[in-house]
Amino acid sequence: MISLCKLNSTSKRIIFSGLIGNLLESFDIMICIYLAHIVSQAFFSPSTQNKNLLYTFFVFLAGYLSRPLGSLLIGIFADQVGRKKMLVYSLLMTGGCTAIIGLIPSYQTIGVTASILFLFFRILQNISVGGEYISSISYLVESASKHKRGFYGSWVSVGFNGGALLASFLVYIVVSGINHNYLPEWSWRLIFLVAIIGTLLGYWIRISLPESLGYILANSSSRQPSKFTILKSSFFYLKEYPLYCLSLMVISWLGVSETSAIFIYSPIHMATINTLSVQKALEINTLSLLLLTLIIPFFGYLYDRINRLKLLVMTTISFIVLAPMYFYYLSYGSYFQILISKLLFSIPSACYYAVATVLITESFPVSIRCTSLALIYQMVSALAGGLTPIILIYLSQHYHPGWAPAAYIMLSGGFCLLGLSYLYTFRHRQPLAESAEFSLIELT
Amino acid sequence: MNKLVVIQEATVALKLHPKIMDILFYHKRDVSSGLRDLKGIHGIDHVAIIMINPELEISIFSLFPSVEYNLIANELWKFDRCFNPMTLEDKTLNWWEDSYHLSYQHELRHLKEDIHQFTLGMNLVRKIDGFTLIYSFATRNKMDDLKSYYSNLKDELFQMGDYGYKLIRGMSERYCYPYVAPSLGEEIRRRPHLKLVINNDLR
């Protein structure tokens, strides 16, 4: 096995490009959420002060709903013209939108135009974010040799979670500065402008990267397919392998629902069902996010060495076993009991992020990979991401707050195990993961 | 040996495209933005696509045109078999160092490899209906077993070359007249060629 210094430096750049893009993407999205209380006062009328936070969350919802659309659009382009170009465009678009949001004058200066501009750029930002994830995970997986795909791909999740951490850290510093009068009131806008530096750095890295080897090999001598052909082929693929795609959907569902449970819903649960302060709840959240981010590459490394399906089965069983304990302590536990249970829950979560995302990405043929990922993964993400917190709130309010939310995660885990068992039997009959031969031409 | 005789031996009817400097430098930005997609894969640092049309006219699309320019400016390209389709077999991988004419190998190696710190250069040849496409790659890696490494990757290198050619094909069209730059896997087509005939001799 040859280990070339130069190859290593290119590999580092490839990994760093995936990391920085997702870090920025997550950072750009999360700063808006963390600063929701400030942003809502800046871009909406002071006369509707009580409803401004709600309006802001409607803007976030509109952005969230537009993400699958962006993912599909960028996915089709990524399959047609290559991953690299779309990685550059999505990075510039996300960073540009974030910086512009930071520069929009307040409602007091330009009136309702401020609200409209905020809505417009938030939607545009989410459209590009949807494309960034699928393009970068495909790019990293296709740029790696067969035995390093797990490790490479895991850095997308590291970037994504790292971005959330960075956003939380910067918002904490700036908001503390504003509250203690060390910083002027408008200084929250500076966090948005940080995105410019990150975007320029990311652009500089990405523009000099090679195209993914997988894309090159799949498209070296064929004609560039039309967007319609790519879309049609992707739908044909879904129609041809419905159970296979359904299996991938339930695997995706578990990941999105456990993410919602552990990071989005849990602070609410801790503060409402339990009596923990919001600050303590966020502290626990940040610590578990830190642990999760740090151990993701380790599981990416394992992915390349251990049977990946078995690894994912073990992860799913861990979710099923840990969920009752996790939600019980979340409802009735002390600070340390919650912290320990959350840190424990972070371990299978990290494994899932490293393993499932790469496994799902590898499951689609290169020629329609980004479009199919957009159709399956992002659609499920939007659906599960939107529904899970609502379901969990409903369950905890109407049934036992400790067991009922756990039952939802356990049920999702059960479906995931069924999906994995189908995938296991299917793979032995037909090695679809390497189905780069899936030809667009046959379908036209 | 007389230099002129050597030139005649080596080049036969080969000639550079009359606008070779334009091809190398005028489109540098477009060519570079295309071929840059290949730079870094498998440690490749330099990519050039040499296109020789059925009239043996050479066009070169290069990521770093200075590599080829040095040979042209010193008229040394004629002693480099990398540019001679008659000596290159279809679908073969040839090392740069084996392509230099013995009389000029030191100059060629210096201009082509040493100046740019390349440790290994290689050509892959694809012949399509009268056209010869030469995919030229070079690396700065310093490992001993580079030749076996790249020999094992021959098929992938061909595919990378094909991909690179696809990216610059639009540009190469402008310099192919009266031919149409070949599409990979397609038959070569001759562009409809209408010539105005002036006959003043009619009575």
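This one's a predicted model, so the numbers in the text were calculated from it and none came from an experiment. Letters A, B, ... are given to chains in the order of the sequence lines, protein chains preceding strands, and every chain is numbered from 1.
Considering every non-hydrogen atom in both A:S220 and B:Q159, the closest pair reads CB-O, 3.1 Å. Of all heavy-atom pairs between A:V81 and B:Y163, the closest is O-OH, 4.5 Å. Across all their heavy atoms, B:E156 and A:L213 have their closest contact at OE1-CD2, 3.4 Å.
In the displayed structure, B:D144 atom CG is contacted under 6.0 Å by at most 12 heavy atoms of other residues, nucleotides or ligands. Surrounding OH of A:Y301 are at most 12 heavy atoms belonging to other residues, nucleotides or ligands under 6.0 Å away. For B:Y26, the OH atom counts as loosely surrounded, since its 6.0 Å shell holds 12 or fewer non-hydrogen atoms of other residues, nucleotides or ligands. Crowding of B:K19 atom NZ: a count of heavy atoms from other residues, nucleotides or ligands under 6.0 Å not exceeding 12. Enclosure of atom OH in B:Y69 is not indicated, since only 12 or fewer non-hydrogen atoms of other residues, nucleotides or ligands lie within 6.0 angstrom. For B:Y175, the OH atom is densely surrounded, since the number of other residues' heavy atoms within 6.0 Å is greater than 12. Atom NZ of B:K91 is surrounded by 12 or fewer heavy atoms from other residues, nucleotides or ligands within 6.0 Å.
A:Y303 pairs by the ring pair (Phe, Tyr, Trp, His ring centres under 6.0 Å) definition with nothing, not counting sequence neighbours.
Only the backbone of A:L209 has a heavy atom closer than 4.5 Å to any heavy atom of chain B.
For residues 107-123 of chain B, heavy-atom neighbours of chain A at less than 4.5 Å comprise no residues at all.
Each of B:D155, B:D162, B:D37, B:L38 has some count of heavy-atom pairs under 4.5 Å with chain A, and the biggest count is that of B:D37.
Taken from CD1 in A:I216 to CG in B:L167, the straight-line distance is 8.0 Å, to the nearest 0.5 Å.
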